[in-house]
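The next block holds one structure in the form of structure tokens; read it before the comments.
Order of appearance sets the numbers: ligands from 1, and atoms from 1 within every ligand.
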Amino acid sequence: MKKVSILVPVYNEGDNLFTFFNEVTKVTSQIANYEFEYVFVDDGSRDNSVKILEDLASKNKKVIVLELSRNFGKEIALTAGIDSLKTDAVIIMDADLQHPPKYIPEFIKHWEDGFEIVATQRVSIQKQPLFRKLGSYFFYKILNFISEFQTVPQTTDFRLLDKIVIEALKEFRERNRMVRGLIDWMGFKKTFIPFEAPERFAGEARYSYSKLVRLAVNSMTSFSLFPLRLAGYFGILISTVFGCLFIFMVLNSLFLHITVFSALSYVIVINSFLIGIVLSCLGLIALYIGHIYIEVIDRPLYIVRKKKN
Ligand code: UDP
Ligand code: MG
């Protein structure tokens with residue numbers, strides 16, 4: 001019998017865990033032919049989450065609890081969970097019931113059809129602040145503009161991954177990570193199902209704006225070297241403009257005598273030209289740093305799906 005793991009990062013979700021577990025098991029108990037296990041990663045919760053999880057685990061052998069020593073953030077909690085898996089597929093879910101368990105059968109159906117990743121795309125979310133909607137919109141626009149592969153907007157971590165994707169993910173050891181982004185980077189056979197995200201069952205969203213901004217900056221800088229090259233582009237622009245201006249001024253005073261330029265204007269133009277040169281050099285250094293960065297994060301060069309003979 002194939003095994004499907006449900007992976008849930010948990011940070012102060014004491015008020016949600018019972019309901020969450022009941023709702024999930026209600027759905028999974030209807031699905032025959034698969035063995036389910038429930039992996040909860042406690043990300044340093046300060047409420048009664050751990051106690052509830054331990055209770056669940058002592059009553060149900062299919063519940064596995066991984067308790068992190070402190071709060072490392074959702075991305076790392078997910079990574080810890082994925083590293084621990086020995087399974088045929090995993091379904092990643094939030095503990096706050098914003099990822100409705102009723103989609104689990106659909107995930108499995110697409111997986112049986114041969115998709116290695118079944119991801120979800122949010123079609124609507126009730127009462128999300130306008131500022132957050134706009135932020136998310138521009139984040140994807142910019143990310144797709146500067147990075148070499150396309151990220152689909154409004155996708156979430158609520159997804160099913162086949163065993164081969166799980167094994168491939170274990171090879172990624174970079175520290176600043178967005179698991180979703182890494183999965184998109186990998187390729188594989190992928191499909192999307194639209195879903196409506198309800199509001200959080202209990203409690204407040206655990207992602208503060210500052211955490212979201214950090215995540216956005218992280219994902220932009222780890223999937224694109226464009227921000228690094230900006231200084232260089234800027235420098236080339238400045239030195240070209242001021243270089244041309246300088247040549248124009250010299251030619252003008254030597255041959256045309258239309259305008260007379262003061263000594264100060266020469267100083268300013270030459271100085272700006274030199275600033276441009278300095279910025280271009282910074283851009284050049286950034287290119288080398290970019291190479292070092294790529295070597296250091298040590299992503300796998302390629303991922304093999306299957307091998308025959
Ligand atoms: N979470 C976590 N560590 C954190 C923050 C959140 O493990 O530092 C978990 C949280 O318990 C929940 C999921 O990540 O299961 C999504 O968190 P949240 O609902 O706050 O985020 P949002 O729904 O706003 O994306
Ligand atoms: Mg949530």
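The Mg ion (ligand 2) has an N, O or S atom of Asp96 closer than 2.8 Å.
For Asp94, heavy-atom contacts with ligand 1 shorter than 4.0 Å involve the backbone as well as the side chain. Counting heavy atoms under 4.0 Å from ligand 1, residue Glu13 touches it through the side chain alone. Neither the backbone nor the side chain of Val41 comes within 4.0 Å of ligand 1, counting heavy atoms alone.
Interface atoms of ligand 1 facing Asn71, defined by a heavy-atom separation under 4.0 Å, are 3 (N), 4 (C), 8 (O).
No more than 12 heavy-atom neighbours from other residues, nucleotides or ligands sit within 6.0 angstrom of CZ on Phe138.
By the 3.5 Å distance cut-off applied to N or O atoms, Val8 is not counted among the residues near ligand 1. On a distance-only criterion, Ala77 and ligand 1 share no N/O pair closer than 3.5 Å.
Between Phe195 and Tyr103, the ring planes lie perpendicular to each other; the angle is over 60°, past the 30° to 60° tilted range.
With respect to the salt-bridge test (charged N to carboxylate O, under 4.0 angstrom), the residues Lys170 and Asp83 do not qualify.
When atom types are taken as modelled, the side chain of Lys3 and the backbone of Lys86 share a donor-acceptor pair closer than 3.5 angstrom.
Ligand 1 lies within reach of Lys211, whose nearest heavy atom is under 4.0 Å from it.
Ring centroid separation for the pair Tyr38 and Phe21 comes in under the 6.0 Å cut-off. Ring to ring, Phe188 and Phe115 are not that close: their centroids are 6.0 angstrom or more apart.
Evaluated by nearest non-hydrogen atom to atom 17 (O) of ligand 1, the leading choice among His99, Glu75, Arg200 is Arg200.
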